[in-house]
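Structure first, then comments.
Along the sequence shown, residues carry numbers from 1. Below, each value reflects all heavy atoms present in this structure, side chains not excepted, and no hydrogens, waters or symmetry copies.
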Amino acid sequence: LIENFFYTFEKHNIKILINNYSGYLDHGIAARIAEKKKIPIYYLSETDRPFLKSFSSKHKRNYDKYKKKFLKFSNKNIKLKEVDKILIKRFKGNKKFSLFYIKDNLFLKTNKKIFNNKKKTICVFAHSTLDSLYGFKDVIFLQQRQWILFTLKNLESISNQFNICFKIHPNETIEGENFIRNLLKEMKNVKLLDKTYLNSEIINSNLIAGITLHGTIGFELAYHSIPTIYCNDNPYTAFSFCIKPKDINDYKNILLKGIYKLKKSKIYRKESMIFYYMNFLDKNNGKVSNKDNLGFNNYDIRKFKGKEF
């Protein structure tokens, strides 16, 4: 796949890349090749700042400043109450307040559980196999397959003390589901959950921690006072509910030792609301620097007609 991308860039002498979103696999590969070749990239994906020009495949916002910026606002409690009203409806199952790209609301209210024992539960929340792992500042795992196998093999060694489950992403393809099922078929101590399972059922099963690469499940669990272990850079690094390892050895240590120390905290709930406000409700959409202040009036696609690059 990567060789084909390089061939395409060379064959067509590409001088500019107009990209949708480097978070998806094909787009992410194209953006990284453009970065290597020092070709300008125009991102269409960030709807609040379209046609953002960059020479980097890592086009995410400065999420690490979210909390610091929020704490400088006036009327912080009013802002948090506004968020809480939205998230209460969302976690009661109102599809209107769910993420727009998720087909179903997986937080419907229920008393069901995945496990009916007294052990604490750890759940690995997969990304779609179509997702790229890039776009953020740094990554520990270059492939999702590598991350899944490393994580579950380590968790299996503590499965006598914890319930271990693996949740397939709700937007996963049939091909992706088959790939994951085949990957996990030898792991007898990991319960595989298909994409129809509710996150509410997992939370009800005495969930003590979620694990993901950079998924939105982190702030969702934080609203329920549950921390998440992140394995790559992610939008939640400013908050204490985000447990981010320094490297792969630190990650292994967290999985085998640090996970015993993780506890629920009401602080996480407040932090999740701060994140939600900054990312979805702030009038500047979480922009934290002047270079973010771009829009359709600045980069109207019609202005590119007849121009040379």
Side-chain angles (χ1 to χ4, degrees), residues 77-128 131 155 162-173 176-177 180 190-230 234-236 239-243 259 262-282:
N77 288 336
I78 293 175
K79 291 176 171 58
L80 291 179
K81 286 180 181 179
E82 180 183 5
V83 171
D84 204 26
K85 287 179 182 179
I86 294 171
L87 293 183
I88 286 173
K89 292 176 182 177
R90 178 175 177 177
F91 293 124
K92 282 185 176 180
N94 191 325
K95 183 67 172 65
K96 179 181 176 182
F97 296 93
S98 184
L99 293 174
F100 69 93
Y101 57 86
I102 300 296
K103 297 174 183 177
D104 299 300
N105 190 330
L106 299 177
F107 287 94
L108 296 174
K109 194 170 183 179
T110 180
N111 292 322
K112 291 183 178 180
K113 299 179 180 180
I114 305 298
F115 303 99
N116 288 306
N117 56 44
K118 294 183 179 181
K119 290 198 293 186
K120 295 177 180 178
T121 295
I122 302 167
C123 185
V124 179
F125 293 86
H127 294 261
S128 167
D131 282 348
L155 289 178
F162 294 93
N163 299 312
I164 310 296
C165 57
F166 183 95
K167 175 70 166 59
I168 294 176
H169 192 275
N171 288 353
E172 188 55 86
T173 62
E177 284 192 63
I180 290 172
V190 177
K191 186 174 181 62
L192 180 60
L193 306 177
D194 66 41
K195 60 186 182 182
T196 63
Y197 274 89
L198 297 176
N199 290 336
S200 309
E201 296 177 71
I202 302 173
I203 291 172
N204 291 345
S205 302
N206 198 14
L207 183 68
I208 190 60
I211 302 176
T212 182
L213 286 166
H214 54 252
T216 55
I217 189 66
F219 96 83
E220 295 168 334
L221 293 183
Y223 186 81
H224 294 83
S225 303
I226 300 169
T228 296
I229 300 168
Y230 282 94
N234 60 82
Y236 315 101
F239 303 102
S240 63
F241 66 78
C242 167
I243 313 300
I259 207 159
L262 296 183
K263 297 179 180 179
K264 292 183 178 182
S265 172
K266 293 181 180 179
I267 294 174
Y268 302 154
R269 183 184 180 101
K270 182 178 179 180
E271 287 185 334
S272 75
M273 291 190 285
I274 292 174
F275 171 82
Y276 190 94
Y277 181 84
M278 293 300 297
N279 204 62
F280 298 109
L281 300 184
D282 178 34

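Sparse packing is recorded around CD1 of I267, with 12 or fewer heavy atoms of other residues, nucleotides or ligands lying under 6.0 Å away.
Every pair tested for side-chain hydrogen bond (donor to acceptor under 3.5 Å, both in side chains) that includes a residue from residues 197-211 fails, sequence neighbours excluded, so the list is empty.
Put simply, the side chain of I180 reaches to within 4.5 Å of the side chain of E172, judged on heavy atoms. Looking only at side-chain heavy atoms (C-beta outward), N279 and P235 stay at 4.5 Å or farther from each other. Side chains of K167 and L106 form a contact here, defined as non-hydrogen atoms less than 4.5 Å apart. Proximity of I229 to I122: side-chain heavy atoms (C-beta onward) are nowhere separated by under 4.5 Å. A heavy-atom distance below 4.5 Å is not found between the side chains of R90 and Y223. In this structure, L213 and N234 have side chains that are not in contact, with every pair of non-hydrogen atoms separated by 4.5 Å or more. Put simply, the side chain of F162 does not reach to within 4.5 Å of the side chain of K119, judged on heavy atoms. Side-chain contact between L221 and F125: present, with at least one pair of heavy atoms (C-beta onward) separated by less than 4.5 Å.
Side-chain atoms of H127 do not come within 3.5 Å of backbone N or O of T212 as any donor-acceptor pair. Between the side chain of E271 and the main chain of S240, a donor-acceptor pair closer than 3.5 Å is present. In this structure, K79 contributes its side chain and Y277 its backbone to no donor-acceptor pair below 3.5 Å. No donor-acceptor distance shorter than 3.5 angstrom exists from the side chain of H224 to the backbone of I203, with no hydrogens or angles considered.
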Decide side chain to side chain contact (heavy atoms under 4.5 Å, CB included) for L155 and I211; before the verdict, give the C-alpha distance in whole Å, the side-chain angles of both, and the deciding distance to 0.1 Å. CA-CA 11 Å; L155 289 178; I211 302 176; 3.9 Å; yes

Go through the steps to decide whether L281 and V83 satisfy the test side chain to side chain contact (heavy atoms under 4.5 Å, CB included), and finish with yes or no. CA-CA 8 Å; L281 300 184; V83 171; 3.7 Å; yes

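The closest side-chain donor-acceptor pair between D84 and Y276, if any, does not fall under 3.5 angstrom.
Residue S128 holds its OG atom at 11.0 Å from CD1 of I168, rounded to the nearest 0.5 Å.
With respect to F219, the ring pair (Phe, Tyr, Trp, His ring centres under 6.0 Å) criterion is satisfied by exactly one of F241, F275, F239, F91: F275.
In this view, T121 and N163 satisfy the side-chain hydrogen bond (donor to acceptor under 3.5 Å, both in side chains) rule, not counting sequence neighbours.
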